[in-house]
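The residues of the chain are indexed from 1 along the displayed sequence.
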Amino acid sequence: MDDGYRQLRERYETGDVPWDAELPPPEVMEMVERLPPGRALDLGCGYGRTAIYLAQHGWQVDAVDFVELALEEAERRAAEAGAEVAFHHGSVTDLDFLDGLYDLAVDVGCGHALDEEALRAYRDELRRLLRTGAVFLFFARIRDGGADPGEEDDGPRGLDQPLFRRYFAQGFHLYRYEPGITEMDDGNSWKSAWFWLRRT
């Protein structure tokens, strides 16, 4: 986590934030269109694009990130947009400062940086915080063959998909899965996927 924190902090300090966009991904907006507003949790919120969008559509939102610089900018953007979001500085693997129950959790590219132990803790927190029937929408880089990216690749370590499916078979039902390819501005690309899960 220390290396991950350092790398992300450096990105925010230098402005090298390729995931910065005004709106969340279409998959998030489609989900918001289909669900009645309730309580939502944005995991690894970054500059807050998903949290702000949810709040603008009637959701009560808690958003979490472990990089203070990202949260400071997220708070500024939320205020500018007139969106009421509760931003929290902390790790997605230790959310004891939150209590449930949430109707929706969204993670667009945070959980795929977690190692096996952290992924298990992350799963446990979601099991605690999501009400039965709640939706968990998750986007991740998919690791090829279980191997970590090479040193020349400064992207996320990637999700061990069999491990993720095994862990989240406990307390969740995967009801939709869409694999794809994520193209980066620098010309690199990597396998990725969207997962739609429901808390059982």
Side-chain angles (χ1 to χ4, degrees), residues 18-65 70-71 74-75 77-88 92 95 98-114 119 122-142 156 158-159 161 164-183 190-200:
W19 53 87
D20 184 20
E22 181 181 355
L23 294 173
E27 290 80 1
V28 174
M29 294 190 287
E30 174 192 323
M31 179 63 68
V32 171
E33 295 262 331
R34 292 177 21 221
L35 292 178
R39 290 191 71 194
L41 180 58
D42 183 5
L43 298 156
C45 65
Y47 286 154
R49 60 178 178 156
T50 293
I52 291 168
Y53 187 84
L54 285 163
Q56 289 173 328
H57 287 77
W59 290 78
Q60 179 185 341
V61 186
D62 284 293
V64 180
D65 206 287
L71 288 173
E75 289 174 345
R77 293 186 184 191
E80 188 176 80
E84 188 173 333
V85 177
F87 290 101
H88 305 273
V92 297
L95 299 170
L98 296 175
D99 56 12
L101 291 169
Y102 293 90
D103 305 288
L104 172 67
V106 180
D107 179 338
V108 183
C110 174
H112 61 189
L114 302 176
L119 184 64
Y122 173 83
R123 185 273 321 271
D124 289 346
E125 289 289 26
L126 283 169
R127 286 173 63 179
R128 178 178 67 86
L129 290 167
L130 295 181
R131 71 173 67 253
T132 300
V135 172
F136 173 39
L137 178 58
F138 182 68
F139 171 79
R141 177 180 186 165
I142 302 301
L159 184 73
Q161 189 171 184
F164 174 83
R165 287 175 179 264
R166 186 166 72 249
Y167 280 178
F168 279 82
Q170 303 171 38
F172 293 86
H173 168 64
L174 176 64
Y175 68 92
R176 183 178 170 190
Y177 167 74
E178 288 187 5
I181 300 292
T182 294
E183 303 282 350
W190 29 267
K191 292 181 181 178
S192 58
W194 284 92
F195 299 80
W196 285 258
L197 301 101
R198 195 175 300 278
R199 181 73 171 95
T200 56

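At least one side-chain heavy atom of Leu71 sits less than 4.5 Å from a side-chain heavy atom of Cys45. The closest side-chain heavy-atom distance from Leu98 to Val64 is below 4.5 Å. Proximity of Pro37 to His57: side-chain heavy atoms (C-beta onward) are nowhere separated by under 4.5 Å. Between Lys191 and Ile181 there is a side-chain heavy-atom pair separated by less than 4.5 Å. With a 4.5 Å cut-off on side-chain heavy atoms, Tyr102 and Trp59 do not count as touching.
Remark: Ser192 pairs with Phe139, Thr182, Trp190 by the side chain to side chain contact (heavy atoms under 4.5 Å, CB included) rule, at least two apart or across chains.
Between the Arg39 side chain and the Asp103 main chain, no donor and acceptor come within less than 3.5 Å of each other. Checking side-chain atoms of Arg49 against main-chain N and O of Leu23 turns up a donor-acceptor pair under 3.5 Å.
Closest heavy-atom contact between Pro25 and Trp194: CB-CZ2, 3.6 Å. For Val108 against Thr50, the heavy-atom pair with the smallest separation is CG2-OG1, 4.3 Å. Across Leu41 and Leu129, no two heavy atoms sit closer than the pair CD2-CD1, 4.0 Å. Here the closest heavy-atom approach between residue Met31 and residue Val135 is recorded as CE-CG1, 3.7 Å. The shortest non-hydrogen separation linking Ala51 to Phe87 is CB-CE2, 4.4 Å. Across all their heavy atoms, Ala74 and Ile52 have their closest contact at O-CD1, 4.3 Å.
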Q: Could you please spell out the steps behind the side chain to side chain contact (heavy atoms under 4.5 Å, CB included) verdict for Asp107 and Val92?
A: CA-CA 10 Å; Asp107 179 338; Val92 297; 5.8 Å; no
Q) Should Arg127 and Asp124 be marked as a side chain to side chain contact (heavy atoms under 4.5 Å, CB included) after you check the CA-CA gap, both sets of side-chain angles, and the distance that decides it? A) CA-CA 5 Å; Arg127 286 173 63 179; Asp124 289 346; 4.1 Å; yes
Q: Carefully, step by step, assess Leu197 and Leu126 under the rule side chain to side chain contact (heavy atoms under 4.5 Å, CB included).
A: CA-CA 11 Å; Leu197 301 101; Leu126 283 169; over 6 Å; no
Q. Going through the distances and angles, do Arg128 and Leu95 end up as a side chain to side chain contact (heavy atoms under 4.5 Å, CB included)?
A. CA-CA 10 Å; Arg128 178 178 67 86; Leu95 299 170; 4.1 Å; yes
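Taken to the nearest 0.5 Å, the CG atom of Asp65 stands 8.5 Å off from the CG atom of Asp42. To the nearest 0.5 angstrom, His112 atom NE2 is 12.0 Å from Leu119 atom CG. Between Met29 atom CE and Glu27 atom CD the span is 8.5 Å, to the nearest 0.5 Å. Note: Asp62 CG to Asp99 CG = 8.5 Å, rounded to the nearest 0.5 Å.
The local environment of CD in Glu30 is crowded, with over 12 non-hydrogen atoms from other residues, nucleotides or ligands closer than 6.0 Å.
Judged by the 6.0 Å and 45° rule, Arg199 forms a cation-pi pair with Phe172.
Taking the ring centroids of Phe195 and Phe164, they lie under the 6.0 Å cut-off.
A salt bridge does not link Glu80 with Arg77: every distance from a Lys NZ or Arg NE/NH1/NH2 to an Asp or Glu carboxylate oxygen is 4.0 Å or more.
Between Phe138 and Phe136, the ring-plane angle classifies as tilted under the 30° and 60° cut-offs.
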